[in-house]
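Working notes, beginning with the structure itself.
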Amino acid sequence: MLQIAFIRENQEKVIQALAKRNLDVKNVVEEVVQLDEKRRATQVALDNVLAESNKLSKDIGELMKAGEKAKATILKEKTVALKEQSKELAEKADALVSELTEKLYTLPNLPADIVPEGKTPEENLNVFETGVVPVLHEGAQPHWELVKKYDIIDFELGVKITGAGFPVYKGKGARLQRALINYFLDKNTAAGYNEVQVPLFVNEASAYGTGQLPDKEGQMYHDATDDLYMIPTAEVPVTNMFRDVILNESDFPILTTAYTPCFRREAGSYGAHVRGLNRLHQFDKVEIVRVEHPDNSYKALDGMVEHIKEILDELKLPYRILRLCGGDMGFTSALTYDFEVFSTAQDRWLEISSVSNFETFQANRLKLRFKDKDGKSQLAHTLNGSSLALPRVLAGILENYQTPEGIVIPEVLRSYCGFDIID
């Protein structure tokens, strides 16, 4: 959530920055500023009434001590009127705060200066590309055919048990999945990230804290009985570990990693681009989250990008990094880099990681602050990244490592798997 003081003092900057997201927020910004002016004026009036009421209470006490009960009674009548007036003003102030907050929830984060212009994914900026695209043998297949051939993932069985988008991993497929999770976690903890296990359900406050609500309400599975949401990513519970926390400068940086299943009610669509592992309702992901001093967050973002590059280099998968344009960025992000692995069998790029700096956007909702060297309270910066999302990494491995003899396991994973080939 954008800070109201920043909007008030930088109205044109906010309007112009969000135009990079192809949004016209002029009217919303004006409404936000007007509501804030009303809220502040109401708060001033309330403070004045309360101050006057407190003064009268003291005067009444002194009059009673002096035996002037008649005068004290007159003042008591005034305090009754002031009490009613303060109640009305407090209710008005609360209503204005609620209305203002709802308006602020509709405004996405401001894109960083280096975010490119653009409306569609085709306008994202390719900033890095590496790896050799393998030349596959004749008859090479996409992963949804390979998993049938080697009986390692069963999509039909998942449909029987639950529905589409809930695959069953079997045999060497399940072991390879587990190997990837352990490998990712080991890489992250070796890089200084503290591993945690977190709940797979979050409350409404947590979903608001990281920006899933109200922006992505339709994408989350919701248990109405207990009013809990199944997590779409570990980012939500991990980042909310720091909700309502005041840190010291010496606490930075805070690095956390977690493995969780993730649950998303994706809109239904058809075609090869969503077949097999390309889009699921339940999938596994290892996440990294950082809480940083504002002065260091972009250096930290660069470090996260380099960390994920190292993982993909070890897996020896061809990949590229995109700096997302304004029209393709997530609601909460100030700057996002997407990693994509090239699938030779599908002849297309598959997104396997998204790394973002949210600056103070999440921290403002979370009330995640720190005391600076002068003892003043400031908002921290939050960042997160997939390290990595498993389905499309697995798809890339199955497709790019396939041979006529079977699917060769990347060398870095063999000690985790306990086998060298799926045949």
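When a residue number appears, it is its place in the shown sequence, counting from 1. We use all heavy atoms of the structure for the numbers below, so side chains are in, but hydrogens, waters and symmetry mates are not.
Pairs passing the ring pair (Phe, Tyr, Trp, His ring centres under 6.0 Å) check and including a residue from residues 233-253, sequence neighbours excluded, read Phe252-His293, Phe252-Phe370. Within the structure, salt bridge (charged side-chain N to carboxylate O under 4.0 Å, His left out) contacts touching residues 2-23 (residues at least two apart or in different chains) are Arg8-Asp36. Pairs engaging residues 305-322 under the salt bridge (charged side-chain N to carboxylate O under 4.0 Å, His left out) rule: Lys187-Glu310, Lys187-Glu314, Glu306-Lys309, Arg320-Glu340 [sequence neighbours left out].
Between the side chain of Asp372 and the main chain of Lys376, a donor-acceptor pair closer than 3.5 Å is present. With His143 contributing its side chain and Leu277 its backbone, the two residues share a donor-acceptor pair below 3.5 Å. Checked by atom type and distance alone, the side chain of Asn296 never pairs as donor or acceptor with a backbone atom of Tyr298 at under 3.5 Å. Remark: the backbone N or O of Lys119 is paired with a side-chain donor or acceptor of Glu123 at under 3.5 angstrom. Remark: the backbone N or O of Leu390 is not paired with any side-chain donor or acceptor of Asp284 at under 3.5 angstrom. Remark: side-chain polar atoms of Gln402 are not paired, donor with acceptor, to backbone N or O of Ala140 under 3.5 angstrom. In this structure, Ser356 contributes its side chain and Phe358 its backbone to no donor-acceptor pair below 3.5 Å. Looking at Arg392, its side chain never comes within 3.5 Å of a backbone N or O of Ile352 through a donor-acceptor pair. Not one N or O on the side chain of Thr79 forms a donor-acceptor pair closer than 3.5 Å with the backbone of Ser53. A donor-acceptor contact shorter than 3.5 Å links the side chain of Asp251 to the backbone of Asn248.
Residues satisfying the ring-ring contact (aromatic ring centres under 6.0 Å, His included) test with Tyr150, not counting sequence neighbours, are none. Remark: Asp47 engages Gln43 in a side-chain contact (heavy atoms from CB on, under 4.5 Å) (not counting sequence neighbours). Partners of Asp328 by salt bridge (charged side-chain N to carboxylate O under 4.0 Å, His left out), not counting sequence neighbours: none found.
Closest heavy-atom contact between Ala205 and Arg243: CB-NH1, 3.6 Å. Heavy atoms only, all atoms of each residue included: Asn384 and Val289 are closest at CB-CG2, 4.0 Å.
By the 4.5 Å heavy-atom criterion applied to side chains, Val341 and Leu315 are not counted as neighbours. Counting heavy atoms from C-beta on, the side chains of Leu100 and Val32 come closer than 4.5 Å. Counting heavy atoms from C-beta outward, Glu287 and Ser387 have side chains that stay 4.5 Å or more apart. No side-chain heavy atom of Leu383 sits under 4.5 Å from any side-chain heavy atom of Ile288. Using a 4.5 Å heavy-atom cutoff, the side chains of Trp144 and Ile153 are not in contact. Counting heavy atoms from C-beta on, the side chains of His222 and Asp227 come closer than 4.5 Å. Two residues are said to be in side-chain contact when any heavy atoms from C-beta on lie closer than 4.5 Å; Glu235 and Gln212 meet this criterion. Using a 4.5 Å cut-off on side-chain heavy atoms (C-beta onward), Glu84 and Val80 make no contact.
Here the CG-CZ distance, from Leu2 to Arg365, works out to 9.5 Å after rounding to the nearest 0.5 Å.
By the 6.0 Å contact criterion, NZ on Lys92 is open, its count of non-hydrogen atoms from other residues, nucleotides or ligands being 12 or less. Counting heavy atoms of neighbouring residues, nucleotides and ligands inside a 6.0 Å radius, atom CG of Asp223 exceeds 12 of them.
No side-chain donor from either of Thr332 and Asn109 sits under 3.5 Å from a side-chain acceptor of the other.
Aromatic ring pairs are classed by plane angle as parallel below 30°, tilted from 30° to 60° and perpendicular above 60°; the pair Tyr319 and Phe128 is tilted. Taking the six-membered ring where the residue is Trp, Phe361 and Phe331 present perpendicular rings, their angle passing 60° and hence far from 30°.
A salt bridge links Lys26 to Glu30: one of the charged nitrogens lies within less than 4.0 Å of a carboxylate oxygen.
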For a side-chain hydrogen bond (donor to acceptor under 3.5 Å, both in side chains) check, start with the C-alpha distance between Ser354 and Asp338, then their side-chain angles and the critical distance, and finish with the verdict.
CA-CA 4 Å; Ser354 186; Asp338 271 4; 3.0 Å; yes
Under the side-chain hydrogen bond (donor to acceptor under 3.5 Å, both in side chains) rule, what do Ser57 and Asn54 come out as? Steps first, then yes or no, please.
CA-CA 5 Å; Ser57 294; Asn54 289 337; 5.3 Å; no
